[in-house]
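Here the structure is a predicted model, which means the values were calculated and not measured. In each ligand, atom 1 is the first atom listed, and ligand 1 is the first ligand listed.
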Amino acid sequence: MVKRFETIAVHAGGAPDPDTGAIAPPIHLATTFEHGPESERLHDFYYIRENNPTQARLEAALAAIEGGEKALAFASGLAAAATAMQALPPGSHVLVADDGYYDVRTIATEFLPRWGGESSLVDVADLDAVRKAFRPNTRLVFAESPSSPLLKVVDIAALAELSRRAGARLLIDSTFATPALQRPLDLGADIVMHSTTKYLGGHSDVQGGALIFKHADELATEASRVRKVLGSVASPFGSWLVLRGLRSLACRVERHSANALTLALALEAHPAVEAVHYPGLESHPAHGVALRQMRAFGGMLSFRVRGGRTAAVRVVSRLKLFTVATSLGGTESLIEHRASSEGPTSRTPDNLLRVSVGLEHVDDLIEDLQQALS
Ligand SMILES: Cc1ncc(COP(=O)(O)O)c(C=O)c1O
């Protein structure tokens, strides 16, 4: 029987505990597992830095909801991103989205050279630019769609084909979309990355990351080895919280997306707003691509305020319902002046505010933004 996403998200990795029949999975805190006199493996687990039973349940669920053969859970999204680059052969070149999570750029531009690799930044939504940026040693294209903070959308199928022809793997950071809206592996990508700190956890109370591989190939094996040696494995409690978040993902993302679209339309109509970046708007340059590859457009949007940085910061300081905080994907609406949050290496326009649209009633959110913009 072929199951639909909502059903898989509720059940994957969720078999009742074989010892007790408990419906909620146990949290196994053990750091070490019995083995034989010559270190023979007696069970699936050996030592926590390699793997643990609660994390294994989460990984089974992540592989199922993304349609991959192998998933690895990490202590954070950035640990997952770093591992994807560290697992590459020495001397590899990585093409990295210029509008992507800013510390992924830090890993690629500052740390990768220390590990013997190299990188270049490219607008991955511009396929001609990508074509020109490939080098003979390009092994990975690291893209994000929709991206942070400009909500750029990449044609994943086209980028996958281009990458394949160049002999590189394509990784999509799908944190903003979640597997409820977008399944990059079905579109031809090789690896999906998530900061599970965001929508997959869903309640702003857990940090985690994930890599899901289309094929359980040598890169997946090497990534697992890197994770073990560097110790960036997910904790049992963190794994448990993300697994619990997955159960309600489909419902939450549906509401996040509906709220965000309504809010984006209201902002677009407001005279104090210069531009709104949201893939669900017809004005978005890749709206057609988003329609093709996403089920809805997600809970993240950004907008630019007329009057520059001062006007944008004034709007943030006048809001009453939105919490001024970084991060995203929780039940509560958050807003931030993104350039100051990203710090000195930021490439974000100075008048841009990034919004994580929560699950509140959308009219309350619109009223709050309108009074702050007035
Ligand atoms: C799109 C995206 N990728 C990666 C990350 C990094 O994830 P983490 O904070 O879990 O390390 C973030 C964090 O905000 C993000 O928004």
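- Clustering of Ile, Leu, Val, Met, Phe, Trp and Tyr side chains at separations under 4.5 Å places Trp115 together with Leu72, Phe74, Leu78, Met85, Leu88, Val94, Val96, Tyr101, Tyr102, Val104, Ile107, Phe111, Leu112, Leu121, Leu140, Phe142, Leu171, Ile191, Met193, Leu211, Phe213, Leu219.
- Inspection of the His203 and Arg244 side chains reveals no N or O donor paired with an N or O acceptor under 3.5 Å.
- Here Glu336 pairs with Arg338 in a salt bridge; the nearest charged N to carboxylate O distance falls below 4.0 Å.
- Contact check on Glu118 versus Arg135 returns a salt bridge, with a Lys/Arg side-chain nitrogen under 4.0 Å from an Asp/Glu carboxylate oxygen.
- The list of side chain to side chain donor-acceptor pair (under 3.5 Å) pairs with a residue in residues 60-81, not counting sequence neighbours, reads Glu66-His194.
- Listed by first and then second residue, the salt bridge (Lys or Arg N to Asp or Glu O under 4.0 Å) pairs that reach into residues 265-288 come to none, sequence neighbours excluded.
- Ligand 1 lies under 4.0 Å from heavy atoms of Ser76, Gly77, Leu78, Tyr101, Glu144, Asp173, Thr175, Phe176, Met193, Ser195, Thr197, Lys198, Gly208, Leu328.
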